[in-house]
Amino acid sequence: MNKVLLNNEIFIEIKQCPITSIILIINILIWLNHFAYGTSTEKVSFNFKEIIGGQYWRVISSTFSHSNIIHLILNCISIWNTNKIEIIKGSYYYFKCNIILIIFTNLLLLLEIYISKIINLKNNNNNNNKIKMIESYLDNHYIGYSCVCFGLLVIYIKLITNSIISYYPFLCLIYSCFMIKNASIIGHLNGIIIGALINIDLFEKYLPINKNSFYVITLIFLICFIINLYKTLPNLTIFKLNNNNGNINFLKCFP
């Protein structure tokens with residue numbers, strides 16, 4: 001039985017791409033946690049006002065959060081379909097691509113919203129209705145791993161076709177706009193842009209960091225995000241004791 005499992009193609013792929021598997025598990029566990037405790041997506045989403053207000057952890061929490069089971073399944077399929085990047089280029093390269101995409105797609109979205117805010121406020125100083133529309137836009141909430149998936153798709157296409165960018169990601173972008181309610185066009189497009197920049201080795205040229213240093217920097221960033229999470233959410237509870245039966249509710253992060 002064990003030999004059959006070990007020789008199974010899926011198990012072989014899982015062994016070849018541990019980072020892909022870990023990312024899938026993290027996404028699934030976070031969704032299960034949110035589903036179990038009825039966590040509102042607005043509490044963990046990317047929101048310009050909240051991030052500028054100091055909740056920097058939303059850059060990570062929004063990426064790994066999903067609105068419903070369909071959203072989660074679609075992104076998990078997309079993540080798994082790009083596991084060939086890890087198989088071909090190695091786990092470190094795949095890990096680095098995911099971290100770069102998570103950070104820079106969100107930073108790019110912050111920059112775009114900020115520039116949009118400045119331009120529109122300058123052009124509509126005396127138009128209260130326009131200003132209200134801008135305020136509403138700034139209050140939008142974004143969640144999901146799909147912006148990273150679009151970037152990984154661009155990287156994967158480069159591996160199999162040696163083309164820096166192709167029409168296929170843009171077809172997927174158009175398809176997602178029509179088929180998925182409230183799909184973020186800008187977020188997905190940012191994934192395509194950052195994926196293309198990875199393909200031309202822009203980050204390798206201007207951020208020449210060796211393997212060990214990259215892991216250390218990623219760990220430092222993660223610790224900083226956790227500290228920021230505790231500082232901005234003083235009522236946060238990771239372990240909550242149920243007084244009725246003595247059981248511990250684990251990972252009720254957003255009560």
Side-chain angles (χ1 to χ4, degrees), residues 23 27 30 40-53 55-68 70-72 74-79 81-82 97-124 129-158 164-200 202-203 225:
I23 290 169
N27 275 282
I30 288 174
S40 168
T41 54
E42 291 186 1
K43 290 185 177 181
V44 294
S45 63
F46 177 103
N47 179 266
F48 182 83
K49 287 182 177 179
E50 298 289 0
I51 293 172
I52 295 300
Q55 293 186 359
Y56 309 121
W57 52 266
R58 284 178 178 265
V59 170
I60 292 179
S61 68
S62 61
T63 306
F64 288 95
S65 301
H66 295 84
S67 56
N68 53 54
I70 302 299
H71 189 199
L72 174 70
L74 288 174
N75 277 347
C76 284
I77 291 169
S78 299
I79 294 166
N81 285 339
T82 59
C97 287
N98 274 271
I99 296 298
I100 290 171
L101 284 163
I102 289 169
I103 299 298
F104 285 93
T105 53
N106 283 289
L107 288 178
L108 187 56
L109 183 56
L110 276 174
L111 180 64
E112 288 161 349
I113 294 174
Y114 178 75
I115 292 170
S116 173
K117 175 187 175 184
I118 297 300
I119 292 171
N120 283 295
L121 286 175
K122 279 185 178 179
N123 295 336
N124 300 289
N129 289 331
K130 287 275 187 179
I131 291 170
K132 285 179 181 178
M133 285 176 65
I134 296 163
E135 289 295 320
S136 175
Y137 176 70
L138 293 176
D139 204 37
N140 282 347
H141 294 265
Y142 305 91
I143 55 171
Y145 210 81
S146 49
C147 56
V148 179
C149 292
F150 269 86
L152 292 173
L153 176 61
V154 172
I155 295 165
Y156 176 61
I157 289 170
K158 165 79 162 36
I164 292 169
I165 194 74
S166 79
Y167 64 87
Y168 184 69
F170 294 100
L171 288 179
C172 293
L173 179 65
I174 295 166
Y175 176 79
S176 68
C177 294
F178 284 104
M179 298 303 294
I180 303 170
K181 187 181 178 182
N182 299 325
S184 171
I185 302 171
I186 297 173
H188 295 170
L189 186 60
N190 286 349
I192 293 172
I193 292 167
I194 301 301
L197 294 179
I198 291 172
N199 281 345
I200 62 172
L202 186 77
F203 296 98
F225 276 117

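All of these numbers come straight from a predicted model, not from anything done at the bench.
The CG atom of Asn199 lies 8.0 Å from the SG atom of Cys97; values are rounded to the nearest 0.5 Å. Atom CG of Leu101 and atom CG of Asn190 lie 10.5 Å apart (nearest 0.5 Å). Taking CD1 from Ile99 and CD1 from Ile102, the interatomic distance works out to 5.0 Å, rounded to the nearest 0.5 Å. Note that the NZ atom of Lys49 and the CD1 atom of Ile113 stand 11.5 Å from one another [nearest 0.5 Å]. Separation of atoms CD1 (Ile143) and CG (Asn75) is listed at 9.5 Å; rounding is to 0.5 Å. Between the CD1 atom in Ile186 and the SG atom in Cys147 there is a gap of 12.5 Å [rounded to 0.5 Å].
Ring orientation note: the planes of Phe104 and Phe203 are tilted relative to one another, at an angle of 30° to 60°.
Ile194 is listed as a side-chain neighbour of Leu108, based on a closest heavy-atom distance under 4.5 Å. You'll find the side chain of Val154 stays beyond 4.5 Å of the side chain of Tyr168, heavy atoms only. Contact annotation: the side chain of Ile198 never approaches that of Leu202 to less than 4.5 Å [non-hydrogen atoms, C-beta and beyond]. When side chains are defined from C-beta on, Ser62 does not count as touching Val44, because their heavy atoms never get closer than 4.5 Å. In this structure the side chain of Ser65 reaches within 4.5 angstrom of the side chain of Ile30, judged on heavy atoms.
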request  = Show your reasoning for whether side chain to side chain contact (heavy atoms under 4.5 Å, CB included) applies to Leu153 and Ser78.
outcome  = CA-CA 8 Å; Leu153 176 61; Ser78 299; over 6 Å; no
request  = Run the numbers on Thr105 and Phe46 for side chain to side chain contact (heavy atoms under 4.5 Å, CB included), then give the verdict.
outcome  = CA-CA 11 Å; Thr105 53; Phe46 177 103; over 6 Å; no
request  = Show the numbers, then the answer: is there a side chain to side chain contact (heavy atoms under 4.5 Å, CB included) between His188 and Ile192?
outcome  = CA-CA 7 Å; His188 295 170; Ile192 293 172; 5.7 Å; no
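For Tyr145 and Phe64, the distance between ring centers is under 6.0 angstrom.
The side-chain contact (heavy atoms from CB on, under 4.5 Å) search around Ile115 returns Leu111, Ile119, not counting sequence neighbours. Taking the side-chain contact (heavy atoms from CB on, under 4.5 Å) definition, one finds that Glu50 meets it with Asn47, Gln55, Arg58, sequence neighbours left out.
Nearest heavy atoms, Ser45 versus Glu42: OG-O, 3.5 Å. When all heavy atoms of Ile79 and Thr82 are compared, the closest pair comes out as O-OG1, 2.8 Å.
Checked by atom type and distance alone, the side chain of Asn98 never pairs as donor or acceptor with a backbone atom of Val148 at under 3.5 Å.
Other residues, nucleotides and ligands place more than 12 heavy atoms under 6.0 Å from the CD1 atom of Ile52.
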